[in-house]
Amino acid sequence: MGKVVDESEYMRSEVALLHFSDANFKSPLSPLFIHIHDDDDQTSFDSEPEPSSTEQQNEQQHPKDEWLPLTESRNGNAYYAAFHILNSNIGFQALMLPLAFSTLGWIWGSVCLSIAFIWQLYTIFLLIELHESVSGKRHSRYLFLAMSAFGERLGKVAALFPVMYLSGGSCVMFIITGGGTMKLLFKILCENDNGTTCGAHSPNGVEWFLVFTCLAILIAQLPNLNSMAAVSLVGAVASISYCTIFWSLSVKKGRPMGVSYKTTLVPQESTLVKISDILNAIGIIVLAFRGHNLVLEIQGTLPSNLKETSKEPMRRGVTISYILIAMCVFPLSIAGFWAYGNKIPSDRGLLTAFPQFHKQQVTKFSIGAIYVLVILHCLSSFQVYAMPVFDNLELRYTSLKNQKCPRWLRTCFRLFFGGFTFSIAVTFPFLPSLAALIGGMTLVPLTYAYPCFMWLAIKKPRTKGIVWWFNLVLGCLGMVLSVVLVAAAIRTLADKGLNANFFKP
């Protein structure tokens, strides 16, 4: 019983409580309606557990944060947090923003982009505040914060699928995008000046997906999220670089002939069609901002004590990163629309438009360098988005065995995840076509609605006060936005159809 007593003394310490967070929860991969004990309803540490009750004893011997990859190392700082945020928040989705402007126009496009930027930045700061509660308990995982705010069952029902999809589903998207970009890079490098291709064998889509997945899983052998800081720095530099190159070279090389800034909405179409097109354009803007499902996990890598909590360095990291994000997103949208107008392709936006219109004006090296930067960013972002899945797998093991996951099993978990995401990418290579539909169901609530409701549930501001009404209205608008974007995406798929090229990437 000496070990249990030592554990009790450690848990009583206020400083220790600041370093414990979600360890008292069981794995989210456990059954949906499992009863999850919180600190308030646990048996007191002053009384010893019944020796005959193994279940009660296991409930008190919860796995420690030091065993899990998200919180194994808490030596991060504001700069590390900025690297992770930049790596996970800037993405190839931002390259689609000029397409939204072609529907909404200059004024409404700028207004919608500004509102979305401010809205999601506000919810990030809400999550930062909710990371540590008054009692010192840290919520280093989005799902567990939702379960604390909404209750065990409702929190899991509301947040489990969105969180898991935005982790695993994003990794599948990175495989599809990264593998496809590798294929484009090979084609550029193999193409001669006269337009003919070299005699080298060109791997097919499945082989490029496999190459990308192998590289991603090799990098994923780093032990924890904090050790990924250098990888996130590479991804952040790569994403900022290719975003800047796209909009600056697009402006420098000039506009193609026949560029128009008239809206792509057709006057002869019905009102329903116009509304659907407008909502799809708003969806492109809304879905360009991502990474809220990783904010708490990133903050969990920062140290915390009674004098200085993790909130201050996290705020600095968010401020640094979002200044750079704004310097990428707004020029991409405005300069991209100025350069291509309504000629912007609907397939991958600027990633397709730039080579299509300026292929003869830039060297193969320039286009190849852009593709390399996109590949590096996809490889780096894969690591950050995969880490919550690795954490959940290991949390399941530590909950059952009450010991740290061995190195060989950790490697097997990551190999399994790589193989699983690869098989999904090969089976559903058309998944990017469903981004608006699935994103409306997952990313929009997690980013724009849930943080407001969780703030009301945990902080409990004065009922019907200004803060209470503001967060309630904002959360409800987020849920309404999710519903209408899903409806518009379904209507578009029903109208235009879906090229379901199963097993043919």
Side-chain angles (χ1 to χ4, degrees), residues 90-117 177 242-290 325-326 328-359 361 370 374 432-437 439-440 443-444 481 484-485 487-493 495-499:
I90 301 180
F92 48 85
Q93 293 90 341
L95 302 178
M96 299 290 293
L97 287 172
L99 183 63
F101 273 59
S102 67
T103 300
L104 300 174
W106 289 107
I107 297 177
W108 285 110
S110 301
V111 169
C112 291
L113 181 60
S114 300
I115 292 175
F117 181 84
T177 303
Y242 73 70
C243 288
T244 304
I245 290 173
F246 269 126
W247 73 259
S248 59
L249 285 184
S250 296
V251 172
K252 181 180 179 181
K253 298 302 178 181
R255 295 174 293 181
M257 295 295 295
V259 169
S260 173
Y261 302 111
K262 293 182 179 179
T263 178
T264 55
L265 297 175
V266 180
Q268 291 78 15
E269 290 180 341
S270 64
T271 303
L272 180 62
V273 174
K274 293 179 182 178
I275 294 175
S276 179
D277 291 342
I278 291 173
L279 289 175
N280 285 326
I282 295 174
I284 292 174
I285 293 175
V286 168
L287 298 178
F289 301 104
R290 58 200 184 108
I325 290 173
C328 292
V329 170
F330 284 91
L332 265 179
S333 308
I334 298 172
F337 183 53
W338 177 87
Y340 306 107
N342 55 20
K343 287 183 174 293
I344 187 77
S346 59
D347 180 23
R348 300 185 183 182
L350 291 178
L351 189 60
T352 303
F354 184 79
Q356 176 179 332
F357 292 110
H358 302 294
K359 187 176 182 180
Q361 296 175 283
I370 293 174
V374 173
S433 302
L434 301 175
L437 174 62
L443 186 146
V444 175
L481 180 64
V484 297
L485 290 182
I490 293 174
R491 190 260 163 209
T492 301
L493 289 174
D495 181 49
K496 298 182 179 179
L498 176 66
N499 181 22

Undergrad: Is it true that, when you exclude W108 itself, more than 12 heavy atoms of the residues, nucleotides or ligands shown sit nearer than 6.0 Å to its CH2?
TA: no
Undergrad: Would you call the rings of W106 and Y261 parallel, tilted or perpendicular, where under 30° means parallel and over 60° means perpendicular?
TA: tilted
Undergrad: How are the rings of H358 and F354 set relative to one another: parallel (under 30°), tilted (30 to 60°) or perpendicular (over 60°)?
TA: tilted
Undergrad: In sequence, state the C-alpha distance, the side-chain angles, and the governing distance for F246 and L351, and then conclude on side chain to side chain contact (heavy atoms under 4.5 Å, CB included).
TA: CA-CA 8 Å; F246 269 126; L351 189 60; 3.8 Å; yes
Undergrad: How far does CG of L332 sit from CH2 of W247, to the nearest 0.5 angstrom?
TA: 9.0 Å
Undergrad: Measure the CZ-OG1 distance between F357 and T352 for me, rounded to the nearest 0.5 Å.
TA: 10.0 Å
Undergrad: Tell me, do S114 and F330 make a side-chain contact under 4.5 Å, heavy atoms counted?
TA: yes
Undergrad: For the residue pair F337 and F101, does the interplanar ring angle fall in the parallel (under 30°), tilted (30 to 60°) or perpendicular (over 60°) class?
TA: tilted
Undergrad: Do L265 and V273 have side chains that get closer than 4.5 Å, going by heavy atoms?
TA: no
Undergrad: Would you say the side chain of L113 lies within less than 4.5 Å of the side chain of V329, judging by non-hydrogen atoms?
TA: yes
Undergrad: Below 4.5 Å, heavy atoms only, C-beta onward: do I284 and M96 meet side chain to side chain?
TA: yes
Undergrad: Side chains of L493 and L434: does their closest heavy-atom pair fall under 4.5 Å?
TA: yes
Undergrad: Are T103 and N342 packed together at the side-chain level, in the sense that at least one heavy-atom pair is separated by less than 4.5 angstrom?
TA: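 SC-SC contact between T103 and N342 ruled out.
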Undergrad: Determine whether I285 and L104 make a side-chain contact, defined as any pair of heavy atoms from C-beta on separated by less than 4.5 Å.
TA: yes
Undergrad: Taking the side chain as everything from C-beta on, heavy atoms only, tell me whether P98 gets closer than 4.5 Å to L350.
TA: yes
Undergrad: Should L287 and V444 be marked as a side chain to side chain contact (heavy atoms under 4.5 Å, CB included) after you check the CA-CA gap, both sets of side-chain angles, and the distance that decides it?
TA: CA-CA 7 Å; L287 298 178; V444 175; 4.0 Å; yes
Undergrad: Under 3.5 Å, side chain of S102 to main-chain N/O of L99, donor-acceptor pair present?
TA: yes
